[in-house]
Amino acid sequence: MKRSFRDLPIKQKLVVTMMVTTAAALIVAAFGIVLTDSILFRGYLRRDLSALAKIIADNTTASLQFDDPKSAGETLATLRARGHVVDACVYRPNGDLFATYSRHDSTGCPPMSRQTGIRFTPEGVVVSQAIILSGRQIGILMLKYDLGELWERVRLYGSTVFAVLLASSVLAFLLSARLREIIAAPISDLVRATTSVSETGDYSTRAEKLSGDELGLLVDRFNEMLAGIQSRDDALKEERERFRFMAESMPQKIFTARPDGYIDYVNRQWLDFSGLPTGQLLGQNWAQIVHPDDVEDNVALWRHSVETGEPVHLEHRVRRADGKYRWHLTRAHAMRDTDGNIVMWIGSATEIHEQKEKEQALRRANDDLQQFAYSASHDLREPIRNVTVYSEMVASRYKDVIDSEGQMFLGFLVEGGRRLAMLVNDLLAYTSAGTAELPEARVDANAVLKYSLASLAEAIRESGAEVTSDALPQVYIGEAHLQQVLQNLIANALKYHDANPPRIHISAVRHSADWCFSVQDHGIGIDPQYKEKIFGVFKRLHTDRNFGGTGIGLAICKRVVERYGGRIWVESEPGKGATFFFTIPRRAQARTANAE
Amino acid sequence: MACVVLCASPSGLYAQSALEFEVKAAFLLNFAKFVDWPPNAFAAPDSPIAICILGKDPFGHAIDDVVQGESVNGRRVIVRRINTTPAPHTCQIVFTEETGKETHATVESLGPGVLTVGEGDAFVHEGGMIGFLIENRRVRFNIDQQAAELAELKLSSRLLAVARRVQK
């Protein structure tokens with residue numbers, strides 16, 4: 001396994017750094033010393049060799065003068081003491097070799113050079129020295145000196161440097177052990193502390209401060225950070241305890257769930273109620289105590305909420321410790337952080353069993369009543385029609401027989417029968433509005449408006465009304481129901497007008513979740529105090545003398561609109577006309593099953 | 001010129017002839033270069049160095065050719081030919097080819113400041129300072145250092161090194 005320097009522990013890095021620095025400094029210094037020395041040594045060698053050459057030259061003058069190569073050879077042979085002299089040769093001025101001295105490894109005399117001087121060549125130093133006597137050149141001495149001395153010195157320096165390098169490396173290593181103590185130990189300590197904190201989560205751990213330098217500062221900051229985390233941790237714990245206490249002391253059943261829907265806490269009320277240990281209620285286990293008929297629906301809703309983050313709202317039966325199911329209203333909301341991400345779900349379940357039972361009883365009673373009202377009004381139509389029809393027949397056929405007073409009474413009878421029939425019809429419409437099936441398809445409100453206006457054609461013509469409309473949308477509502485609403489509202493507008501012919505405008509505005517229809521008139525308007533009242537059954541603001549009607553039209557409208565999950569209201573000022581609004585959800589939906 | 005003689009090559013093959021004396025003439029001049037005379041050996045500070053040939057002259061004009069234009073330590077070199085003991089200060093080098101008691105007496109009477117050069121080993125034994133000899137057909141010489149010192153002459157060590165034999 002190859003590890004880069006970067007991955008080495010700081011201890012080893014320190015050692016390596018120190019050794020490398022020491023070695024580099026020494027090598028550079030050694031190089032400098034050797035370089036300087038070799039330059040100095042060349043100067044020394046130059047002086048030394050030229051002095052030597054001068055002496056030798058001087059000592060050979062007599063030999064030359066007296067033509068005695070032998071004595072010259074003896075003189076030259078004294079150079080044997082200077083081991084680095086390779087060759088020493090005396091030439092006569094004409095270039096003839098006069099005397100020589102050669103070391104065993106000589107390759108021959110250097111060629112004569114008439115110019116006195118020293119030349120450094122790769123093979124060695126060549127000295128050329130004129131031999132002069134009484135101002136006359138009588139010969140030339142050529143000396144060849146090897147550079148062994150120079151290399152010896154370089155070798156000597158080299159080995160010295162190597163030895164020093166070795167010694168200083170050992171010293172650096174020994175010193176670094178101490179430095180490691182100073183630098184690496186606090187870091188190791190810090191690392192130990194951080195590791196301990198991250199492994200145990202115990203924020204009361206503190207790193208020991210061993211120095212006053214940056215490392216010490218680092219340790220201080222780290223400890224401060226730990227203290228900060230610890231206090232926050234404590235605050236968090238306290239907060240959690242507070243929540244726990246609150247949750248435990250509530251009469252409701254409280255639970256929390258992770259963002260993925262996993263139940264991770266239930267309060268004591270759950271345990272008391274279900275008689276199960278905590279473990280059997282956590283996670284997805286809650287489904288086991290929900291009534292089998294509700295489970296599928298509940299699980300789907302919960303899953304939907306977890307996916308979308310929408311609040312959960314469900315009514316379901318939950319099994320008690322004694323095995324009986326009790327109705328509960330369960331709500332859960334997603335708690336989000338500042339970025340909008342779900343952190344947890346918090347939910348509560350409230351037992352609503354008794355309310356639920358009362359409600360169901362009430363609904364059953366209501367249903368019965370409605371059924372009774374429906375069948376009663378249905379069954380009443382036939383006898384009432386008979387009353388109306390036959391009293392009209394009597395009035396027309398026995399006109400001559402009955403006196404005027406009798407005819408007046410008959411007229412009351414006919415009128416009463418007609419009103420009774422109208423009343424029963426409206427009652428039937430009202431009761432049937434509450435039981436309507438939800439539509440599968442949308443209907444075109446424009447077409448529905450057209451039918452409504454056709455039905456009211458006679459009344460419109462009579463009143464001389466002007467009815468206008470905008471383009472209307474397609475909506476999810478029973479065609480007959482929409483017609484009922486529109487027709488009732490328009491009929492109202494036609495009915496309650498002042499001296500001027502009524503002007504009526506129908507339009508629809510799209511809102512986020514629904515369509516808002518409006519029917520606007522410029523009639524007599526409605527006093528604000530009656531704004532709610534007018535939607536009640538048999539609530540009429542005016543006597544028959546001025547305006548006809550059963551007083552049930554707006555109640556039917558309200559029932560229909562609410563049946564489809566919409567609402568209806570009026571905005572008006574007396575004398576300035578009124579605008580009736582009603583909404584129809586853009587998506588098909590029913591009011592909750594327990595409506596009304 | 002001395003060089004002409006000394007530089008002759010191959011050197012050392014001298015016939016017992018004029019060539020030998022040409023070499024000896026050059027040697028006489030060369031001796032002057034390796035000997036220090038006391039100041040009182042000269043008549044005046046600028047007196048020349050005189051090479052005196054006592055008695056028979058074996059050189060002929062060869063020695064005159066050799067010393068022609070030469071000077072040693074700022075002193076010209078001249079040749080004198082003499083037949084009797086010279087006066088003081090007139091000769092710095094005396095050469096004689098002759099040997100025997102007479103010569104010995106003459107040489108002894110010369111006094112300090114004169115370098116005496118003669119022929120053969122006997123000359124040195126008889127009180128002379130430098131005696132020529134032929135060795136392997138080369139001209140060589142012996143030296144009696146003691147005699148030279150008695151005459152207040154300083155012989156260069158280099159000269160001594162070249163001599164065949166040095167008597168102390």
Side-chain angles (χ1 to χ4, degrees), chain A residues 50-82 85 88-101 109 111-114 116 128-143, chain B residues 1-14 19-20 22-36 49 66-67 69-77 117 130-143 155-166:
Chain A
S50 65
L52 181 69
K54 276 200 185 92
I55 290 165
I56 298 296
D58 211 34
N59 285 344
T60 55
T61 48
S63 305
L64 276 164
Q65 284 299 68
F66 297 104
D67 191 25
D68 188 2
K70 196 175 151 216
S71 68
E74 283 163 6
T75 304
L76 294 179
T78 59
L79 287 171
R80 186 166 290 122
R82 299 288 297 261
V85 175
C89 306
V90 176
Y91 291 91
R92 292 181 194 279
N94 67 355
D96 288 344
L97 198 57
F98 177 68
T100 64
Y101 158 75
C109 276
M112 189 185 81
S113 160
R114 285 180 191 284
T116 294
S128 171
Q129 174 66 49
I131 304 171
I132 289 166
L133 185 68
S134 296
R136 180 178 289 152
Q137 182 168 353
I138 58 171
I140 291 150
L141 171 69
M142 297 300 294
L143 264 182
Chain B
M1 288 185 66
C3 187
V4 174
V5 179
L6 290 169
C7 297
S9 181
S11 61
L13 294 171
Y14 310 125
L19 188 58
E20 180 193 325
E22 279 177 25
V23 171
K24 285 179 177 170
F27 274 29
L28 285 175
L29 172 65
N30 287 343
F31 288 147
K33 298 172 184 171
F34 294 98
V35 175
D36 278 346
I49 296 172
V66 165
V67 303
E70 291 285 337
S71 63
V72 173
N73 292 332
R75 296 178 192 273
R76 283 188 308 107
V77 180
V117 183
I130 299 175
F132 285 124
L133 58 112
I134 301 296
E135 189 184 271
N136 295 331
R137 307 172 76 187
R138 283 169 173 265
V139 178
R140 301 276 73 132
F141 51 86
N142 292 329
I143 292 175
L155 303 187
S156 161
S157 61
R158 287 168 277 168
L159 181 64
L160 298 176
V162 175
R164 275 313 93 197
R165 191 158 49 79
V166 176

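Because only heavy atoms are used, hydrogens play no part in the values below, and waters and symmetry mates are left out as well, while side chains stay in. In what follows, chains are A, B, ... by sequence order, proteins preceding strands, each numbered from 1.
Checked against the 6.0 Å centroid criterion, the rings of A/Phe66 and B/Phe27 qualify as a close aromatic pair.
A search for side chain to side chain contact (heavy atoms under 4.5 Å, CB included) contacts involving B/Ala25 returns B/Phe59, B/Ile63, B/Val66, not counting sequence neighbours. In terms of the salt bridge (Lys or Arg N to Asp or Glu O under 4.0 Å) criterion, B/Asp36 has no residue partners (sequence neighbours excluded).
Within the 4.5 angstrom heavy-atom criterion, atoms from both the backbone and the side chain of A/Thr61 approach chain B. For B/Phe31, the parts sitting under 4.5 Å from any heavy atom of chain A are the backbone and the side chain alike. Of the atoms belonging to A/Ser134, it is side-chain heavy atoms, and not backbone ones, that fall under 4.5 Å from chain B.
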Passes salt bridge (Lys or Arg N to Asp or Glu O under 4.0 Å), A/Arg92 versus A/Asp67? Steps please.
-> CA-CA 10 Å; A/Arg92 292 181 194 279; A/Asp67 191 25; 2.7 Å; yes
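In terms of heavy-atom pairs under 4.5 angstrom with chain B, the leader among A/Leu133, A/Asp58, A/Thr60 is A/Asp58.
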